[in-house]
Amino acid sequence: MSVRDVVAADPLLAAGFDAFARHGFKRATMADIAAGAGMSRPALYLRVKGKEDVLRAVGAALLAESIVRARTAADETGDISARVVAVLEAKLGLTLGLAERSEHALELLVEYGRVATAEAAQYTAEVEQLTARVLATSGADAGRCADIATALVRTVQGLETELDDAPRARKLLAALVGTTVAGLTRS
């Protein structure tokens with residue numbers, strides 16, 4: 001499912017996403033969003049207070065879909081490396097998918113982090129917890145798995161800056177996770 005597909009069911013979210021993707025957060029206007037949603041500006045203001053509310057709602061929808069994919073991957077059985085990659089790919093894929101759709105991806109990520117600090121932190125914490133849970137199925141110490149999960153998520157955050165080369169970012173993630181899990185399971 002593409003990032004655009006996630007918000008498609010709600011005309012306001014779809015219009016907000018399209019306006020932000022096209023213009024970036026700072027240049028998008030409430031008039032752009034209202035027109036895209038097929039509503040007047042006064043009607044738009046009945047649903048939201050401003051652009052920040054729209055960005056918060058769009059981001060929440062995208063993070064909710066991403067976390068569902070991460071939870072599904074964590075709950076699967078089988079190869080630990082593949083499961084960890086799938087959990088982390090839910091996060092990385094969200095950013096890379098946004099970058100495929102908009103040249104303003106980094107601006108949008110920064111602005112979402114600003115307007116929804118707690119929500120972004122909660123999402124990252126859950127991805128870390130899911131990653132640690134999968135790593136713990138190796139039989140390794142839970143504390144060690146939590147530390148490794150944090151390091152892996154921080155690495156994904158770094159890979160999220162590789163917006164111009166998504167295949168390379170995904171390849172690096174798979175290589176790092178494979179090496180990490182191999183070392184973890186040998187210990």
Side-chain angles (χ1 to χ4, degrees), residues 1-74 87-132 149-166 169 173:
M1 177 176 291
S2 77
V3 291
R4 174 63 170 84
D5 293 339
V6 172
V7 296
D10 183 330
L12 174 58
L13 296 183
F17 178 83
D18 289 342
F20 297 142
R22 190 174 327 114
H23 304 294
F25 178 76
K26 291 177 182 168
R27 289 185 46 228
T29 67
M30 291 297 279
D32 295 329
I33 296 167
M39 60 177 53
S40 67
R41 285 183 58 203
L44 177 60
Y45 281 108
L46 291 174
R47 286 198 53 196
V48 296
K49 292 179 184 175
K51 281 194 308 186
E52 290 183 354
D53 284 354
V54 177
L55 182 61
R56 198 175 291 112
V58 169
L62 295 173
L63 294 183
E65 172 64 25
S66 174
I67 210 67
V68 165
R69 285 186 281 124
R71 287 176 186 153
T72 300
V87 168
L88 296 172
E89 172 62 31
K91 179 172 180 13
L92 180 61
L94 175 60
T95 302
L96 296 177
L98 181 58
E100 290 172 0
R101 182 77 166 85
S102 173
E103 65 186 57
H104 303 286
L106 285 178
E107 176 198 357
L108 296 174
L109 293 170
V110 168
E111 289 298 326
Y112 182 77
R114 181 184 63 78
V115 303
T117 305
E119 295 88 341
Q122 180 180 354
Y123 168 77
T124 299
E126 185 163 356
V127 172
E128 285 181 20
Q129 292 165 359
L130 291 168
T131 303
T150 298
L152 289 171
V153 170
R154 296 302 179 269
T155 300
V156 166
Q157 290 171 325
L159 291 173
E160 287 173 333
T161 65
E162 297 280 332
L163 299 179
D164 59 337
D165 196 351
L173 175 63

Pairwise distance [atom1]([X]) to [atom2]([Y]) - rounded to 0.5 angstrom:
X: Phe17; Y: Leu55; atom1: CZ; atom2: CG; answer: 11.0 Å
X: Ile33; Y: Met39; atom1: CD1; atom2: CE; answer: 10.5 Å
X: Arg41; Y: Asp32; atom1: CZ; atom2: CG; answer: 10.0 Å
X: Leu109; Y: Gln157; atom1: CG; atom2: CD; answer: 10.5 Å
X: Leu12; Y: Leu44; atom1: CG; atom2: CG; answer: 6.0 Å
X: Glu128; Y: Lys91; atom1: CD; atom2: NZ; answer: 9.5 Å

For [X] and [Y], work out which heavy atoms get closest and say how close.
X: Glu160; Y: Leu106; answer: O-CD2, 4.4 Å
X: Ala105; Y: Ala99; answer: CB-CA, 3.7 Å
X: Ala15; Y: Gly36; answer: CB-C, 3.4 Å
X: Leu88; Y: Thr131; answer: CD2-OG1, 3.4 Å
X: Ala28; Y: Ala19; answer: CB-O, 3.8 Å
X: Leu108; Y: Ser102; answer: CD1-OG, 4.3 Å

Quick check: does any side chain N or O of [X] sit under 3.5 Å from a backbone N or O of [Y], one acting as donor and the other as acceptor?
X: Arg56; Y: Val115; answer: yes
X: Ser66; Y: Leu62; answer: no
X: Glu107; Y: Lys26; answer: yes
X: Lys51; Y: Thr29; answer: no
X: Asp53; Y: Lys49; answer: yes

* Asked: Between Glu126 and Arg71, is a side-chain contact (heavy atoms from CB on, under 4.5 Å) present by the stated rule, with each step listed?
  -> CA-CA 9 Å; Glu126 185 163 356; Arg71 287 176 186 153; 2.6 Å; yes
* **All salt bridge (charged side-chain N to carboxylate O under 4.0 Å, His left out) counterparts of Asp165, not counting sequence neighbours** =>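 Applying salt bridge (charged side-chain N to carboxylate O under 4.0 Å, His left out) to Asp165 gives none.
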* To do: Please list all pairs passing the ring-ring contact (aromatic ring centres under 6.0 Å, His included) test where one or both residues lie in residues 23-74, with sequence neighbours left out.
  =>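 Checked against ring-ring contact (aromatic ring centres under 6.0 Å, His included) - neighbours excluded - the pairs reaching residues 23-74 are Phe20-Phe25.
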* side-chain contact (heavy atoms from CB on, under 4.5 Å) assessment of Glu89 paired with Arg69 -> CA-CA 9 Å; Glu89 172 62 31; Arg69 285 186 281 124; 6.0 Å; no
* Does a side-chain heavy-atom distance below 4.5 Å link Leu96 with Arg101? ->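 They are not in side-chain contact.
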* Take atom CD of Gln122 as the centre, draw a 6.0 Å sphere, and report whether it contains more than 12 heavy atoms from other residues, nucleotides or ligands. =>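 No - once you tally the heavy atoms of other residues, nucleotides and ligands closer than 6.0 Å, there are 12 at most.
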* More than 12 non-hydrogen atoms from neighbouring residues, nucleotides or ligands closer than 6.0 Å to CZ on Arg27, yes or no? ->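 Check fails, neighbour count at 12 or below.
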* Full working for side-chain contact (heavy atoms from CB on, under 4.5 Å) between Leu94 and Leu63 -> CA-CA 8 Å; Leu94 175 60; Leu63 294 183; 3.6 Å; yes
* Asked: Could you go step by step and tell me if Ile67 and Leu130 meet the side-chain contact (heavy atoms from CB on, under 4.5 Å) rule?
  -> CA-CA 10 Å; Ile67 210 67; Leu130 291 168; 4.2 Å; yes
